[in-house]
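Here's the structure we're looking at; comments come further down.
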Amino acid sequence: MLNKFSITTQIFPHLEMIDLSQCGHAAGWEWDIPDKTVLRNITQLYLRGPDITYKGIRKVLQSLDSLMYLRLNNMEKWIRKDLLATVCKIPTLRKLDLFRNNVPNISAKLVACSQLSELDLTSTSMTELSKGSIQPMKRLSFLTLENNFLTKVPDDIRSLSSLKILNLGVNTISELSCEDFTNTTRLRELYLNGNYIPKLDRCVFKSLDDLQVLDLSGNLLWTFGDAFKTGLKSLEFLDLSNNFVDVLEKGDFQSLGSLRSLDVVSKRTRRVKHKTFDGLTNLGNLSVSLPFYFEDKFITLQRLENLTVYFDVDGFKGSQPSNYKAFFHLKSLRAFTVICKVYNMGFPQDIPMLRAMRHLEDFTAENFYIFAPDANLSALRCLKLSNNEITVINETVFQFLPALAYLDLGNNPFTCDCSNAGFIQWVLSNNQTQGNKLLDFDVLSCWMDISFLCFISSTSLVLLTLLASFFYHFLRHIILLHSPVHRSHSDIIMLHSPVQRSHKVGGKDCRVSEPMRDLDPASNSEVASDGRQLSELSNMEDRGDGGEAAGLSEETEEAQGQSSLGRKVPSSADPSRQTQPALS
């Protein structure tokens, strides 16, 4: 925060400029330079804000005897207090910048500043230039009234015969008359951009024979009239962009033989007639909006070096339009930019419009191609194909671009796979071209036989499946054979299989069924413990005849009794059951 600006000794003998507009100031900061000789070489002073006192700033201005350029921004508080009266008394002052001072009648306070050669009244909220306020400024060569609320060209402009640069941009001017620039015959640059001018008359610029730059962009122009069919013999730069002209007529610019740069870009353009650009024999730069079907052949533009084309209407959907052959005449082009602002099906790849451009060094195409352009461009150094629909690039395209130093393929659905392996290999091996390099893809995989790898993989999988199935069934069989459950179940069936014996009873042959005695005393407890298996055995025996069922029932009861006692009952314990078996 600046509180005091002080120079007491001659420590800056060659100091020419003091800029205090970019630093913060404390309210009422002080200027302390008692010796005026310290400031004898100061020619430029920049101040901003009313933080310095009115008395203090007057003291500053009165101490600068060599001041030529003064900038006072946001000083409306002191300007309303007649600060400009002090400013106009500086005899050496030539350039006064009062940018951003909200004082609508500020021009009325400048009547005494007749010594000025440059005056900037940008953003001062003026609605008109006070009559007679700048008339005394016979030396005035530069005047800017930009970003105000002027509704017409000020009348005092006509008296400024020395004026060379006039900026009336970003106002509310809605009409140009034939008298507005009658006496400003030395005018070289005229800026009328950002106004509300709807049309041009033939006589508007007729006296501006020295005019070199004319900016009418951002207006409401729906016709150029005949304003460019006569006069303006020295005009070199013309900006008519962002207007409402929908048809560019034949000979619209026929008198502009000295024109070097033309901008007629507009979303409203619907038709470009044949011989629209006739007469522009020295044109070097052209920016234009074209429909996909246009009539002009660009035959007269033999010196055109930079061309920018915007396609804003009616995307290409049908057969290849033959009017693209118009570009064949542009053999001097060094920079070509084509941008499509609407949906299209892609620029036809096989239209060889680039092949005639042997000197082309910079080519840019956005939202236009579905394939990389195929042309022999030996001088091309910069290629920009961003925002297209390119997925595959044939690396042979770059064999015809030996001078390529920069490549931009941003925002494309580029496939980083084997379909682009050749191009990726070219990118990795090329040390001359800069751009987006695809380093994450291994192109070696693209040279392998994929079908053979698939055969080997599937065969191995089948063999592995068969081996796994064989080992599973083999191990399962081994486990079942050694299972305790399997062994006990066999033993139960063997122990309880009935033994049939034959006896003669009353002359008849009778069969007696007895259970087989246990051969292994240790297994008896295991058998007795499985009640469920005994029950199943009992049910199986019940399916026999009645006698066998009865005998088996008695034997089963004996076995259950033995099981309940937890020990084996000797066979001699019941002699009667041994000698008298049940009869069937």
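The model shown is predicted, which means the values in this text are computed figures rather than measured ones.
With N243 contributing its side chain and F224 its backbone, the two residues share no donor-acceptor pair below 3.5 Å. Although no hydrogens or angles enter the test, the distance criterion places no donor-acceptor pair under 3.5 Å between the side chain of N388 and the main chain of N412. Side chain of D201 to main chain of C178: no donor-acceptor pair is present (N/O by atom type, distance under 3.5 Å, no hydrogens or angles). Within the 3.5 Å criterion, the main-chain N or O of S241 finds no donor-acceptor partner in the side chain of D263. Between the side chain of N282 and the backbone N or O of G257, at least one donor-acceptor pair lies under 3.5 Å. Although no hydrogens or angles enter the test, the distance criterion places a donor-acceptor pair under 3.5 Å between the side chain of S255 and the main chain of F228. The closest donor-acceptor contact from the side chain of N148 to the backbone of M126 lies under 3.5 Å. For the pair N195 (side chain) and N171 (backbone), a donor-acceptor distance under 3.5 Å is present. Counting only distance, with no hydrogens or angles, the side chain of N387 and the backbone of I339 share no donor-acceptor pair below 3.5 Å. Distance alone, capped at 3.5 Å, places no donor-acceptor pair between the E305 side chain and the N285 backbone.
Side-chain contact between L72 and D97 is absent, with no heavy-atom pair separated by less than 4.5 Å. Side-chain atoms of D65 and R40, non-hydrogen and from C-beta on, never get closer than 4.5 Å to each other. Using a 4.5 Å cut-off on side-chain heavy atoms (C-beta onward), W222 and K199 make contact. In this structure, the side chains of T182 and R158 stay at 4.5 Å or more apart for every pair of heavy atoms. Inter-residue side-chain proximity for L301 and L307 is flagged as unmet; no heavy-atom pair is nearer than 4.5 Å. Residues R94 and S117 have side chains in contact (heavy-atom distance under 4.5 Å, counting atoms from C-beta outward). Side chains of I57 and M75 form a contact here, defined as non-hydrogen atoms less than 4.5 Å apart. Proximity of L192 to L176: side-chain heavy atoms (C-beta onward) are separated by under 4.5 Å at one or more points.
Atoms CD and CG, from Q254 and D278 in turn, are 8.5 Å apart once rounded to the nearest 0.5 Å. The distance from atom CZ of R268 to atom OG of S289, rounded to the nearest 0.5 Å, is 12.0 Å. The distance from the NZ atom of K138 to the OG atom of S114 is 10.5 Å, given to the nearest 0.5 Å. Put simply, CG on L259 and CZ on F253 are 8.5 Å apart, with the number rounded to the nearest 0.5 Å. With rounding to the nearest 0.5 angstrom, the NZ atom of K250 is 4.5 Å from the NZ atom of K275. To the nearest 0.5 Å, atoms CD (E179) and CD1 (I157) are separated by 15.0 Å.
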- Audit row: I134, L129, side chain to side chain contact (heavy atoms under 4.5 Å, CB included) steps and yes/no: CA-CA 8 Å; I134 61 173; L129 194 65; 3.1 Å; yes
- Step by step, would you call I197 with L221 a side chain to side chain contact (heavy atoms under 4.5 Å, CB included)? CA-CA 6 Å; I197 303 169; L221 290 173; 4.1 Å; yes
- Message: L333 vs N306, test: side chain to side chain contact (heavy atoms under 4.5 Å, CB included). Steps then yes/no.
- Response: CA-CA 6 Å; L333 273 188; N306 300 287; 5.7 Å; no
- Task: List the steps, then state whether side-chain hydrogen bond (donor to acceptor under 3.5 Å, both in side chains) holds for D209 with T185.
- Result: CA-CA 7 Å; D209 292 334; T185 55; over 6 Å; no
- Passes side chain to side chain contact (heavy atoms under 4.5 Å, CB included), L93 versus Q115? Steps please. CA-CA 7 Å; L93 189 64; Q115 77 276 31; 4.1 Å; yes
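The environment of CZ in R260 is sparse: at most 12 heavy-atom neighbours from other residues, nucleotides or ligands sit within 6.0 Å. For CZ of R100, the number of neighbouring non-hydrogen atoms (other residues, nucleotides, ligands) closer than 6.0 Å is 12 at most. When the shell of 6.0 Å around CZ of F244 is examined, it contains more than 12 heavy atoms from other residues, nucleotides or ligands. In this structure, R381 places its CZ atom where only 12 or fewer heavy-atom neighbours from other residues, nucleotides or ligands lie under 6.0 Å away.
Among L187, L208, L235, the one residue that satisfies the side-chain contact (heavy atoms from CB on, under 4.5 Å) test with L214 is L235. When each of K273, R271, K229 is checked for a salt bridge (Lys or Arg N to Asp or Glu O under 4.0 Å) with E249, only K273 meets the rule. Among V103, L121, D120, the single residue meeting the side-chain contact (heavy atoms from CB on, under 4.5 Å) criterion with L98 is L121. When each of L283, L280, T281 is checked for a side-chain contact (heavy atoms from CB on, under 4.5 Å) with L256, only L280 meets the rule.
Between S161 and R186, the shortest heavy-atom contact is O-CD, 3.4 Å. Nearest heavy-atom pair, L140 versus E118, reported as atom, atom and distance to 0.1 Å: CD1-N, 3.7 Å. Of all non-hydrogen atoms in L83 and R58, the two that sit nearest each other are CD1-CG, 4.2 Å. Nearest approach of V245 to S266, heavy atoms of both residues: O-OG, 4.4 Å. When all heavy atoms of F181 and S207 are compared, the closest pair comes out as O-OG, 2.8 Å. Contact record, L248 with F277: CD1-CZ, 4.5 Å, taken as the closest heavy-atom pair.
With respect to R334 and E361, a salt bridge is recorded, a charged nitrogen being found less than 4.0 Å from a carboxylate O.
Side-chain contact, S125 with N102: a donor N or O sits under 3.5 Å from an acceptor N or O. Side-chain atoms of S123 and N147 include a donor-acceptor pair closer than 3.5 Å. A donor atom on one side chain and an acceptor atom on the other are not found under 3.5 Å apart for S159 and D156.
Centroid-to-centroid, the aromatic rings of W78 and Y54 come within less than 6.0 Å.
Using a 30° and 60° split on the angle between ring planes, F336 and F363 fall in the tilted class, from 30° to 60°.
The side-chain tip of R71 points at the ring of Y46 from less than 6.0 angstrom away and within 45° of straight on.
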